[in-house]
Amino acid sequence: MKRRLLIAGNWKMHKTPQETQQFIESFLAGVKEFSSCDVLLIPSFTSLDRAGRLLSESRVFIGAQDMHSDASGAYTGAISPGMLVACGCNFVLTGHSERRHVFGDSDDVVNRKLHAALENELRPILCVGETLDQRQRGRTESVLEDQLNGGLKGIDEKVLADIVIAYEPVWAIGTGKTATPEQAQAVIAFIRDWLETHFSKPAAGAMRILYGGSVTPANVRSLLAQPDIDGALIGGASLDPDSFAQIIAAAMSLPGGDAPC
Ligand code: PGA
């Protein structure tokens with residue numbers, strides 16, 4: 001089954017609202033046709049409202065980098081799912097490795113955010129991935145199993161297609177060390193097998209699984225050519241409108257990439 005590609009730019013802690021506007025204007029002017037893939041921008045919270053307004057007439061989706069799982073309350077500094085929806089968000093990242101490793105988000109917290117996203121009609125992108133030390137000690141699969149078991153706890157198979165998984169090896173994020181297409185394919189195939197075992201073959205086959213970690217215009221095509229890789233989550237290379245547009249053009253140049261799904 002052919003899954004629709006998703007190309008997502010995670011801006012992390014970069015760009016003011018003004019810089020966001022400059023990016024969007026230049027990106028929309030430069031990007032070529034992208035009818036057969038989904039394009040998603042994930043700016044910081046303070047730029048969401050402006051991005052939502054600027055992109056409301058376009059086919060570009062907006063996502064947030066994180067959120068709290070509660071609807072409201074005494075949580076200084078936190079952002080609720082409803083606030084994201086009001087800014088025009090369609091997606092939200094849950095469990096990005098920087099949230100896990102810098103801010104201490106546990107699998108339990110990630111799972112609560114994932115449920116809250118679905119309840120608010122936001123599509124969660126569950127990020128999973130091993131550290132270099134875990135890979136070198138042969139623990140990649142057990143780490144992913146724990147993150148999938150914890151992150152997807154209590155999820156009904158019926159809503160699985162609304163969830164996206166992003167495999168982002170921590171050692172490849174922001175380091176310039178991309179996983180080879182074969183390494184990324186092997187782990188993503190493992191994730192799909194895990195989904196098949198815990199849910200069903202059709203559900204696993206319908207789910208989009210992205211690769212993230214030092215994706216660039218130069219390497220994206222070979223990653224997306226792998227049978228189980230359904231898109232990319234891009235940090236550094238998504239900050240420049242030309243480079244992000246080149247990544248989308250590379251995705252569109254794959255066989256079948258110019259045919260609307
Ligand atoms: P990178 O970041 O492309 O800069 O490695 C990816 C991510 O953290 O999502």
Side-chain angles (χ1 to χ4, degrees), residues 5-15 19-20 23 27 37-45 47-48 51 60-67 89-105 110 113-114 117 122-132 134-135 140 143-144 147 151 163-181 183-185 187-188 191 208-224 226 229-251:
L5 287 177
L6 173 60
I7 306 295
N10 170 18
W11 288 354
K12 310 191 180 190
M13 200 170 71
H14 295 284
K15 296 193 192 295
E19 289 162 347
T20 297
F23 176 105
F27 173 70
C37 69
D38 288 339
V39 174
L40 167 64
L41 286 178
I42 311 177
S44 59
F45 291 132
S47 289
L48 286 176
V60 178
F61 292 105
I62 307 272
Q65 298 173 16
D66 187 46
M67 65 173 198
C89 284
N90 320 95
F91 287 84
V92 62
L93 298 181
T94 53
H96 187 279
S97 76
E98 286 143 23
R99 293 297 318 174
R100 292 178 189 267
H101 296 286
V102 183
F103 298 97
D105 282 13
V110 171
K113 292 178 179 180
L114 192 124
L122 285 165
R123 282 185 263 176
I125 301 179
L126 172 64
C127 304
V128 295
E130 81 288 0
T131 63
L132 184 57
Q134 289 163 337
R135 173 166 278 259
T140 299
V143 167
L144 291 172
Q147 292 176 340
I163 302 172
V164 176
I165 292 183
Y167 167 58
E168 298 206 297
V170 180
W171 48 271
I173 297 179
T175 58
K177 284 191 207 136
T178 324
T180 64
Q183 280 173 323
Q185 163 61 27
V187 177
I188 291 178
I191 294 172
R208 290 192 286 191
I209 311 179
L210 317 182
Y211 167 78
S214 297
V215 173
T216 65
N219 63 25
V220 69
R221 200 171 187 281
S222 57
L223 288 159
L224 297 182
Q226 300 298 313
I229 305 184
D230 306 317
L233 181 56
I234 305 135
S238 73
L239 291 169
D240 174 69
D242 294 337
S243 140
F244 194 52
Q246 280 168 33
I247 288 174
I248 293 162

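Being a predicted model, the structure only gives us computed values, none of them experimental. When reading the values below, keep in mind they use all heavy atoms of this one structure, side chains included, and skip hydrogens, waters and symmetry mates. Read the numbers this way: they start at 1 and go in the same order the structure lists the ligands and their atoms.
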> Which of parallel (below 30°), tilted (30 to 60°) and perpendicular (above 60°) describes Phe23 and Phe244?
Replying inline: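 If you compare the ring of Phe23 with that of Phe244, the planes turn out tilted.
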
>> Evaluate His14 against Glu19 for side-chain hydrogen bond (donor to acceptor under 3.5 Å, both in side chains), listing each step before the verdict.
In response: CA-CA 9 Å; His14 295 284; Glu19 289 162 347; over 6 Å; no

Atoms of ligand 1 less than 4.0 Å from [X] heavy atoms?
X      : result
Gly213 : 5 (O)
Gly236 : 1 (P), 3 (O), 4 (O)
His96  : 7 (C), 8 (O), 9 (O)

>> Please determine whether any non-hydrogen atom of Ser214 lies less than 4.0 Å from an atom of ligand 1.
In response: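 Contact present.
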
Taking [X] for its side chain and [Y] for its backbone only, find out whether a donor-acceptor pair lies under 3.5 Å.
X      : Y      : answer
Trp11  : Leu41  : no
Ser222 : Pro181 : no
Arg100 : Gly129 : no
Glu130 : Val170 : no

> What part of Ala172, side chain from CB on, backbone N/CA/C/O, both or neither, has a heavy atom under 4.0 Å from ligand 1?
Replying inline: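 Ala172 to ligand 1: backbone contact only, side chain stays beyond 4.0 Å.
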
>> Please classify the Asn10 to ligand 1 contact at 4.0 Å (heavy-atom distances, strictly less than): side chain, backbone, both or neither.
In response: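 The part of Asn10 near ligand 1 is the side chain, not the backbone.
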
> Gly174 to ligand 1: N or O pair under 3.5 Å?
Replying inline: yes

Which heavy atom of the protein is the closest neighbour of [atom], given with residue, atom name and distance?
atom                   : answer
atom 2 (O) of ligand 1 : Lys12 NZ, 3.3 Å
atom 9 (O) of ligand 1 : Glu168 OE2, 2.7 Å
atom 3 (O) of ligand 1 : Gly235 N, 2.8 Å

> What's the shortest heavy-atom distance between Thr216 and Asn219, and which atoms?
Replying inline: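 Heavy atoms of Thr216 and Asn219 come nearest at N-OD1, 2.8 Å.
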
